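Keep in mind the model is a prediction, meaning the values are calculated, not measured. Nothing fancy with the numbering, it's 1 onward along the sequence.
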Amino acid sequence: MNDSHSPRDILRDVFGYSAFRGEQEQIVSHVAGGGDALVLMPTGGGKSLCYQVPAIARHRAQRGVAVVVSPLIALMHDQVGALEEAGVHAAFLNSTLSFEETQHVEREMMSGRLVLLYAAPERITTPRFLAQLDSLQERGLLSLFAIDEAHCVSQWGHDFREEYLALNVLHERYPGVPRVALTATADDLTRADIIERLQLEDAKVFISSFDRPNIRYSIIEKKEARSQLLRFIQDEHEGDAGVVYCQSRKKVEETADWLVSEGIKALPYHAGLSADVRKRHQDRFLREEGLVMVATIAFGMGIDKPDVRFVAHLDLPKNIESYYQETGRAGRDGMPADAWMVYGLADVVNQRRMIDESPAGDDFKRGQIGKLDALLALAEAHDCRRVRLLGYFGENSQPCGNCDNCLNPPQTWDASEAARKVLSGVYRFHQRGGQRFGAGHLIDVLRGKASDKVQQYKHETLSTFGIGADLSEVQWRGVLRQLIALGHLRTEGEYNTLELTPSSRDVLRSEVQLLLRDNPKTPGRTKASRPGAKPKAPPVALDVQGLERFTALKAWRGEVAREHNLPAYVVFHDATLAEMARSHPRRLDELAQISGVGSKKLEAYGPEILRVLGHALS
C-alpha cells in the first residue's frame with residue numbers, strides 16, 4: 001500500500017476515487033492538520049470520508065486510533081466492514097460482541113494498531129473507556145474524535161439523544177485532540193446548540209449545499225392513502241427498494257401486511273419489535289434487492305444502502321429536518337429517486353395535538369409549532385418545493401424543474417370567502433349553547449347535507465346551512481386544512497372539535513387572503529414516461545454485451561458479499577460495476593483506473609474480476 005500521507009493519495013489508494021467532491025478536500029485537510037470542524041453535509045454527500053481520510057492520514061503519520069461516535073449498531077457494522085474491505089484496520093465496540101471479542105478489540109485499540117474504532121456515546125463516556133483513552137493520550141496514540149449524527153445533541157434537533165450531552169467531556173479531557181462533528185440536517189437553532197453543547201466555539205464550520213438534485217419531491221392530497229401508495233409503487237417503482245414511513249407501530253404492521261398481500265415484498269420495522277427481529281429485517285433490507293421497509297422513525301439513521309429508489313410518507317413528519325433526513329435516504333447513489341408523501345387534514349390535526357399535549361415547556365412548544373408551520377407551508381406550496389426546502393436551511397436556489405409543482409404547476413383559487421364561511425359555521429355552532437363539532441359535521445352543514453346529526457341538532461336551520469354547496473368535500477377539507485395549518489382555526493379534545501383562534505377575526509374581517517391549490521385528478525406517471533427514471537437499468541448506458549458483463553459482475557459480487565457476510569454495495573457499488581462493464585478492462589492497471597477500485601480491492605478481487613469480464617460472453 002502507498003505510504004503517502006497525502007489526503008488525495010489516500011483517497012485514490014484506499015477508496016479508489018480520483019477527486020474529492022465539494023468541500024470534502026478542505027474539510028479533510030483542516031481536520032488532518034489538527035483543526036476542529038462542524039460539518040453539515042447532505043445524506044449521500046460523503047460525510048464519512050471527511051473523518052475517515054484524516055484518521056488514516058494521522059494514523060500513518062503517528063499511529064493512533066480515531067474514535068467515531070456512532071448511535072447505531074448497524075451503521076458501525078457496515079462502516080467497519082467497508083473499511084476492512086478497503087484495507088483499513090477498523091473495529092467496533094458494542095453489545096453484539098462476546099467478552100473475548102471485546103478484549104481483542106481493546107487490545108488492538110491500546111496497541112495503536114487500530115485506525116478507527118466505532119462506539120456508541122454511552123460507552124465512550126464510561127469511566128473504563130475514558131481511562132483507556134487517557135492511556136492512549138499519554139502515549140500519543142489518540143488521533144481524532146468524530147461525532148456522527150451530531151444533531152442528536154440538540155433538544156431542537158429531530159432526534160435528540162440525552163447520552164450525546166455527555167460528549168463535552170471529550171473537549172474538556174482531551175483538548176489537544178481534533179474533533180469533527182457531522183450531521184446531514186440542522187437549522188440555525190440546532191447548529192448553535194451543537195456548537196455550544198459540544199464546545200465547538202473555535203471549530204471551523206463547513207456547510208455544503210443541501211440540494212439533492214436527483215431526488216424528486218412530490219406531495220399529494222391524501223384520499224385513500226394505501227391505494228395511492230400502491231399505485232405509486234406499481235406505476236413507478238415496481239421491484240425497487242424503498243422505505244415507507246408511518247407514524248404508529250400498528251399502522252406499520254398493517255401497511256406491511258397489506259403490501260405483501262398485494263404482491264409487494266415488504267417488512268415492518270419499529271421499536272416494539274424484538275431486537276432480533278429488527279436486526280433480521282434490517283439485514284434483509286440491506287442485503288436483498290427490491291425490498292420495501294415499512295417503518296416508524298425508529299428506522300433509517302445511518303442506513304448506507306445506496307440504491308433506495310423511493311421514500312414514501314403515509315403520515316406527516318414532525319418538521320422539515322425530519323422530512324429532509326428521511327427523504328435523504330433515497331438515491332444515495334446519485335441516480336433518480338422519489339420522495340413521495342400523502343398529506344391531509346388529519347395529519348395537521350394530529351401533529352398540532354401532539355405538540356399541544358406534550359409535557360414540554362412553552363418555549364419548546366413554540367419552537368416545535370414554528371417547525372411544523374414551516375413543513376405545512378412546504379406541503380401547501382404552489383411553487384417549487386426544492387426552493388422552499390433549501391430556503392429553510394438558508395440556501396438560495398432557483399426552481400428545480402424536477403418537483404411535482406415544477407413539472408405540473410398547480411392551479412390556485414382564492415379561498416378567502418370559503419374560509420370566512422368555515423369560521424362563520426364554527427361561530428354559529430358556538431352560538432347554539434356552546435356546541436362544538438368536528439370537520440366532517442361542519443362540512444355537511446356548509447354543503448347542505450341533511451345527515452342524521454344535522455337533523456338531530458336542527459342545524460338545517462342555521463344561516464350557514466347550504467352556503468357552501470358549490471364546493472366539494474375535498475375542497476372544503478383543503479380550506480379547513482390550511483386554516484388549521486395557518487393557526488386561524490384549531491382543534492381540541494379527543495374528538496378534534498373545531499375552535500376559533502385570536503386570528504380568526506382577521507380572516508372574518510377580510511384582512512387575510514387564502515390561496516389554495518386546486519388538485520385536479522392527474523394520471524400517475526409511469527417509469528416509461530418519467531425522464532431519466534430507469535432504476536432497473538445500470539447507472540451508465542451499456543450495449544448488449546455490456547449488459548451481459550454487468551449481469552455477470554453483479555452475480556459474482558453477490559457471491560462475494562454472501563461469503564463475507566456483507567451487503568453487496570460494500571464490495572462494489574453498482575456504478576463501479578457498470579463502469580467495469582462499459583470500459584471492459586483487460587489488465588489490472590486498466591481496472592485500477594475505475595472509480596471505486598482501491599489498491600486493496602484491486603489486489604483482492606482484480607484477477608477474479610478480469611476472469612468474470614473475460615468469460616461473461618462465453
Self-check item: Steps toward side chain to side chain contact (heavy atoms under 4.5 Å, CB included) verdict (Lys371, Lys318)
Solution: CA-CA 8 Å; Lys371 288 174 177 286; Lys318 292 181 179 179; over 6 Å; no

Practice problem: Report yes if some heavy atom in the side chain of Leu316 is under 4.5 Å from a heavy atom in the side chain of Leu372; otherwise report no. | Solution: yes

Quiz item: Rounded to the nearest 0.5 Å, how far does NZ of Lys279 lie from CG of Asp283?
Solution: 4.0 Å

Quiz item: Do Gln247 and Gln351 touch side chain to side chain, with heavy atoms closer than 4.5 Å?
Solution: yes

Exercise. Count the heavy atoms belonging to other residues, nucleotides or ligands that lie under 6.0 Å from CD of Gln431, then report whether that count exceeds 12.
Key: yes

Quiz item: Quick one: are Thr327 and His313 in side-chain contact, heavy atoms under 4.5 Å?
Solution: yes

Quiz item: Is Lys453 close enough and on-axis enough to Phe437, meaning under 6.0 Å and within 45°, for cation-pi?
Solution: no

Practice problem: Count the heavy atoms of every other residue, nucleotide or ligand shown that sit under 6.0 Å from CG of Asn396, and state whether that count exceeds 12. | Solution: no

Exercise. Please lay out, stage by stage, how His430 and Gln435 fare under the test side chain to side chain contact (heavy atoms under 4.5 Å, CB included).
Key: CA-CA 5 Å; His430 288 186; Gln435 292 177 347; over 6 Å; no

Quiz prompt | Side-chain heavy-atom pair Leu229, Ile233 within 4.5 angstrom cut-off | solution = yes

Self-check item: Exceeds 12 heavy-atom contacts within 6.0 angstrom, atom CD of Gln513
Solution: yes

Quiz item: Is the count of non-hydrogen atoms from other residues, nucleotides or ligands lying under 6.0 Å from Glu417 atom CD greater than 12?
Solution: no

Quiz item: Taking the six-membered ring for Trp, is the centroid-to-centroid distance between His459 and Phe465 below 6.0 Å?
Solution: no

Quiz item: In Å and rounded to the nearest 0.5 Å, what is the CG to CG distance from Leu165 to Asp193?
Solution: 8.5 Å

Quiz prompt | Test item: Arg428 side-chain N/O and Thr464 main-chain N/O as donor-acceptor pair under 3.5 Å | solution = no

Quiz item: Looking at residues at least two apart in the chain, or sitting in another chain, which of them share a salt bridge (Lys or Arg N to Asp or Glu O under 4.0 Å) with Glu196?
Solution: none

Self-check item: Aromatic contact, Tyr269 with His281 (centres under 6.0 Å)
Solution: no

Quiz item: Is the closest side-chain donor-acceptor distance between Asp78 and Tyr569 under 3.5 Å?
Solution: yes

Quiz item: Under 6.0 Å from the CD atom of Glu162, do we count more than 12 heavy atoms belonging to anything else shown?
Solution: no

Indicate every side-chain donor-acceptor pair of residues 442-451 with a distance under 3.5 Å to a residue at least two apart or in another chain.
unit_1: Arg447; atom_1: NE; unit_2: Leu471; atom_2: O; d: 3.1
unit_1: Ser451; atom_1: OG; unit_2: Val454; atom_2: N; d: 3.1

Quiz item: Counting only N and O atoms by type, is there a donor-acceptor contact under 3.5 Å from the side chain of Asn350 to the main-chain atoms of Asp347?
Solution: no

Quiz item: Do Gln482 side-chain atoms and Leu514 backbone N/O form a donor-acceptor pair below 3.5 Å?
Solution: no

Practice problem: Evaluate the criterion side chain to side chain contact (heavy atoms under 4.5 Å, CB included) for residue pair Leu378 and Tyr323; output intermediate values, then yes/no. | Solution: CA-CA 11 Å; Leu378 174 68; Tyr323 175 73; 3.9 Å; yes

Exercise. Look up atom CD in Glu326 and atom CD1 in Ile297, then write down how far apart they are to the nearest 0.5 Å.
Key: 6.5 Å

Quiz item: Between Ser416 and Asp414, is any side-chain donor less than 3.5 angstrom from a side-chain acceptor?
Solution: yes

Quiz item: Within the distance-only criterion (no hydrogens, no angle test), does the side chain of Lys365 pair as donor or acceptor with the backbone N or O of Ser358 below 3.5 angstrom?
Solution: yes

Quiz item: Who pairs with Arg284 by salt bridge (Lys or Arg N to Asp or Glu O under 4.0 Å), at least two apart in sequence or on another chain?
Solution: Glu288

Quiz prompt | From Trp476 atom CH2 to Glu473 atom CD, the distance as rounded to the nearest 0.5 Å | solution = 12.0 Å

Self-check item: Shortest non-hydrogen separation from Leu390 to Asp211 and the atoms involved
Solution: CD2-N, 3.5 Å

Exercise. Please say whether more than 12 non-hydrogen atoms of neighbouring residues, nucleotides or ligands are located less than 6.0 Å from NZ in Lys265.
Key: yes

Practice problem: Mind listing the closest non-hydrogen atom pair of Gly45 and Met41 along with its distance? | Solution: O-SD, 3.3 Å

Quiz prompt | Aromatic centroids of Tyr392 and Tyr324 separated by under 6.0 Å | solution = no

Quiz prompt | Interatomic spacing from CD1 in Ile484 to CG in Leu376 - rounded to 0.5 Å | solution = 10.0 Å

Exercise. Without swapping roles, check the side chain of Asn214 against the backbone of Met335 for a donor-acceptor pair under 3.5 Å.
Key: yes

Self-check item: Lys/Arg-Asp/Glu bridge criterion (N-O < 4.0 Å) met for Arg366, Asp373
Solution: no

Quiz item: Checking His573 side chain against Ala575 main chain: does a donor-acceptor pair fall under 3.5 Å?
Solution: no

Quiz item: Is any side-chain heavy atom of Arg332 less than 4.5 Å from a side-chain heavy atom of Lys305?
Solution: no

Quiz item: From Thr255 OG1 over to Leu230 CG, what is the distance, rounded to the nearest 0.5 angstrom?
Solution: 11.5 Å

Quiz item: Which heavy atom of Asp338 sits nearest a heavy atom of Ile215, and at what distance?
Solution: C-CG2, 4.5 Å

Practice problem: Work out which heavy atom in Leu423 is nearest to a heavy atom in Leu489; give both atom names and the distance. | Solution: CD2-CD1, 3.7 Å

Exercise. Indicate the ring-plane relationship of His441 and Phe429, choosing parallel, tilted or perpendicular according to the 30° and 60° boundaries.
Key: parallel

Practice problem: Check whether any side-chain N or O of Ser472 sits under 3.5 Å from a backbone N or O of Gln475 as a donor-acceptor pair, and report yes or no. | Solution: yes

Exercise. Classify the ring geometry between Phe232 and Trp340 as parallel (under 30°), tilted (30 to 60°) or perpendicular (over 60°).
Key: parallel

Quiz item: Do we see a donor-acceptor contact under 3.5 Å between the side chains of His151 and Glu321?
Solution: no

Quiz item: Going by an N to O cut-off under 4.0 Å, is there a salt bridge joining Arg481 and Glu221?
Solution: yes

Exercise. Answer yes when Asp188 and Arg191 have at least one side-chain N-carboxylate O distance shorter than 4.0 Å, and no when they do not.
Key: yes

Quiz item: Between the side chain of His382 and the main-chain N/O of Leu515, is any donor-acceptor distance below 3.5 Å?
Solution: yes

Quiz item: Taking the side chain as C-beta and beyond, is there a heavy-atom pair between Arg388 and Ile320 under 4.5 Å?
Solution: no

Quiz item: Just by modelled atom types, is the Glu492 backbone N or O under 3.5 Å from a matching donor or acceptor in the Thr497 side chain?
Solution: yes

Practice problem: Would you check if Leu480 and Leu498 make a side-chain contact, meaning some heavy-atom pair closer than 4.5 Å? | Solution: yes

Quiz item: Is the closest side-chain heavy-atom distance between Arg352 and Thr491 below 4.5 Å?
Solution: no

Quiz item: What is the minimum heavy-atom distance between Ala266 and Val260, and which atoms define it?
Solution: O-CG2, 3.5 Å

Quiz prompt | From CA spacing to verdict: salt bridge (Lys or Arg N to Asp or Glu O under 4.0 Å), Glu236, Arg309 | solution = CA-CA 10 Å; Glu236 303 185 45; Arg309 295 270 64 87; over 6 Å; no

Quiz item: Under 3.5 Å, side chain of Asn405 to main-chain N/O of Cys384, donor-acceptor pair present?
Solution: no

Self-check item: Shortest non-hydrogen contact between Arg385 and Ala379, atoms and distance
Solution: NH1-O, 3.1 Å

Exercise. Check the side chains of Arg420 and Ser510 for a donor-acceptor pair under 3.5 angstrom, ignoring hydrogens and angles.
Key: yes

Quiz item: So does Arg432 have more than 12 non-hydrogen atoms from other groups sitting under 6.0 Å from CZ?
Solution: yes

